Protein chains: 2
Amino acid sequence: MERKKIFGEPRCSAPNENVSFVQKSIRMTVLTKNINQIVSLTPEEINAIENAFGYLELSKGGFWVKQGKICDQVAFVVSGKLRNFYMEDAGNEVTCFFVTANHFISSFTSFLTNTPTHENISALEDTVLRVISKNDLEKLSVLIPKLQIFRRVIAENLFITMEKRVAILQSKTAYERYEKMLKENPEIILGVPLQYTASFLGITPQHMSRLRKEMMK
Amino acid sequence: MERKKIFGEPRCSAPNENVSFVQKSIRMTVLTKNINQIVSLTPEEINAIENAFGYLELSKGGFWVKQGKICDQVAFVVSGKLRNFYMEDAGNEVTCFFVTANHFISSFTSFLTNTPTHENISALEDTVLRVISKNDLEKLSVLIPKLQIFRRVIAENLFITMEKRVAILQSKTAYERYEKMLKENPEIILGVPLQYTASFLGITPQHMSRLRKEMMK
DNA sequence: GAATTCGCTTAACAAATGTTAACAAATCAC
DNA sequence: GTGATTTGTTAACATTTGTTAAGCGAATTC
């Protein structure tokens, strides 16, 4: 019963939409619902996946990944919001990306190449994660081969996202980038310190402040 | 016998390194050699893959993909070099990326989402491709499930590449970007019109000319 | 071989963006 | 609540980058 509380996301429609009991009380959370949208799962597979992913709660400001270590886990964000960032030599932070509920997060390059990460991941608000280690993910993928397809689709979508970002950083002005983000990702800009968004867009907080003023007209 | 000529890449070490006859004359080209480095293939699988990929030769300047159509193919570059670019509203070209031998190329977002592409792909020099349609790739992946793993790894590597590019565009000056590319990808910069490299780096040709002059000191 | 196009450079100027520093506003710690 | 820290704003100035226009040599075309 305690767990139900963890999954309790008021923004989801009906309560039974969130935690469903399929057949013989198979527990299907947002995690397997998400996977099931790409590759359809049997009740046994749902159980295996739900059991393989652990739970992790982070308080606002709490760190999940710290630079210098190998990030050997990947997580699904049940609720909350996180930021992936690194420190430049000069000491200033660079925000790589933000991750909101219903998406996967990791220090991907470290996870995929087994090398120490230079990134940090911290919670921008209270956050609930479903976490799995690389080892366990590989085991699970042997047990459920169709997970390879799911993992491929996730990687492909990450690529598409990054390709779009490259195009924007390459050919749009700071003003256009801010405008676009405000329109397409207001949920990220709002409620996140301006300096984080600024570095995500590749500009200084001062300049972004200037752009905001300009936009008021 | 004519085909052997196509594969004849003088830059590869011994001739039998390039076209190998394993067991009962299994033909293994750079294509399956590349795949085999990620997921090991049986002779039957090698044959199936080699037969599923067609051949395509492009002369310098020739187009493989044109904007407006759905790109439903992916290709492996046997030899040569290509450029992926799109036209901005203003009419100027933006170079998305360059692809050299031994890598896969496509208008990936179009290929993955079945939507018309706004990109073009043309050959920077005479080029030989091994081409497969999305449909055939899916069939082949059913026949050889481990190809899902290979496709996942390809997508992951594409993501890693794009993530690095985002970080550079986000936080490095034009001078630093050019310097870095000159050091890490000289094979692309040399022998490619400067304007293409400039747009790849997100700067104007004039500014890049300025940077080169500055670098002479 | 003359004309043309292409690729690249240069220069003067304009616009965008960064830097520094000071301060205001909001939030946090106690 | 009050002081301290974080966050956001503003302004003056410096630097980077874009724009426009011109020119030049090599390759290409006719």
Side-chain angles (χ1 to χ4, degrees), chain A residues 59-63 81 83 85 87-95 98 120 122-126 167-182 186 188-217, chain B residues 59-62 81 83 85 87-95 98 122-126 167-182 186 188-217:
Chain A
S59 302
K60 178 175 179 174
F63 277 71
K81 182 155 58 178
R83 181 172 73 109
F85 66 98
M87 300 292 187
E88 277 192 312
D89 306 326
N92 48 323
E93 288 181 0
V94 178
T95 297
F98 302 97
N120 303 274
S122 69
L124 291 168
E125 43 189 74
D126 291 353
I168 291 165
L169 286 166
Q170 217 182 343
S171 66
K172 301 290 184 191
T173 65
Y175 186 88
E176 291 168 332
R177 277 176 271 160
Y178 176 62
E179 204 176 20
K180 194 174 172 73
M181 186 165 182
L182 202 55
I188 288 175
I189 284 200
L190 307 173
V192 160
L194 164 149
Q195 48 177 325
Y196 297 167
T197 304
S199 106
F200 178 79
L201 294 174
I203 57 181
T204 59
Q206 294 89 328
H207 187 52
M208 183 157 154
S209 199
R210 188 154 42 191
L211 297 178
R212 293 174 116 190
K213 193 178 172 187
E214 201 172 329
M215 198 171 283
M216 292 301 170
K217 301 165 190 173
Chain B
S59 302
K60 178 175 177 174
K81 183 154 59 179
R83 182 172 72 108
F85 66 99
M87 300 293 186
E88 276 191 315
D89 305 327
N92 48 323
E93 288 181 0
V94 178
T95 296
F98 301 99
S122 69
L124 291 167
E125 44 188 71
D126 290 353
I168 291 166
L169 286 167
Q170 216 183 344
S171 67
K172 302 289 183 189
T173 65
Y175 186 89
E176 292 168 331
R177 277 176 270 161
Y178 176 62
E179 204 177 21
K180 194 175 172 72
M181 185 165 183
L182 202 54
I188 289 176
I189 285 200
L190 307 173
V192 159
L194 164 149
Q195 48 177 323
Y196 296 168
T197 305
S199 106
F200 178 79
L201 294 173
I203 56 181
T204 61
Q206 294 89 328
H207 187 51
M208 183 156 155
S209 198
R210 190 155 41 192
L211 297 178
R212 295 173 116 192
K213 192 177 171 186
E214 201 173 329
M215 199 171 280
M216 292 299 170
K217 302 164 190 173

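Just so you know, these numbers come straight off a predicted model, no measurement behind them. The basis for the numbers below is simple: all heavy atoms, side chains too, and nothing from hydrogens, waters or symmetry mates. So you know, we letter chains A, B, ... as the sequences are listed, proteins then strands, and number each from 1.
- Remark: the backbone N or O of B:Ala167 is paired with a side-chain donor or acceptor of B:Ser171 at under 3.5 angstrom.
- Regarding A:Asn92, its CG atom lies at a distance of 15 Å from the C1' atom of C:dT20, rounded to whole Å.
- For A:Arg210 and D:dG8, a side-chain-to-base donor-acceptor distance below 3.5 Å is absent, hydrogens and geometry of angles not being considered.
- Spacing between atom NZ of A:Lys213 and atom C1' of C:dT17 amounts to 16 Å, rounded to whole angstrom units.
- B:Gln170 places no side-chain N or O within 3.5 Å of a backbone atom of A:Leu169 that could act as its donor or acceptor partner.
- With rounding to the nearest 0.5 angstrom, the CD atom of B:Gln206 is 10.0 Å from the CD atom of B:Gln195.
- Judged purely by atom type and a 3.5 angstrom limit, B:Ser59 has no side-chain atom pairing as donor or acceptor with the backbone of B:Gly62.
- Rounded to an integer number of Å, the gap from NZ of A:Lys172 to P of D:dG18 is 15 Å.
- Atoms CD (B:Glu93) and P (C:dC6) sit 11 Å apart, rounded to a whole Å.
- Rounding to whole angstrom units, CZ of residue A:Arg177 and C1' of C:dT17 are separated by 10 Å.
- The CG-P distance, from B:Leu124 to C:dC6, rounds to 16 Å in whole Å.
- Within residues 194-209 of chain B, the residues having any heavy atom under 4.0 Å from DNA chain C are, by residue number, B:Leu194, B:Gln195, B:Gln206, B:Ser209.
- Residue A:Glu93 comes nearest to A:Met87 through the heavy atom pair CG-SD, 3.5 Å, listed as atom of the first residue, atom of the second, then distance.
- Classification of the A:Phe98-A:Phe200 ring pair by plane angle, with boundaries at 30° and 60°, yields tilted.
- Remark: C1' of C:dT17 and CG of A:Leu169 are 15 Å apart, rounded to the nearest angstrom.
- Put simply, CD on B:Glu214 is 15 Å from C1' on C:dT9, counting in whole angstrom units.
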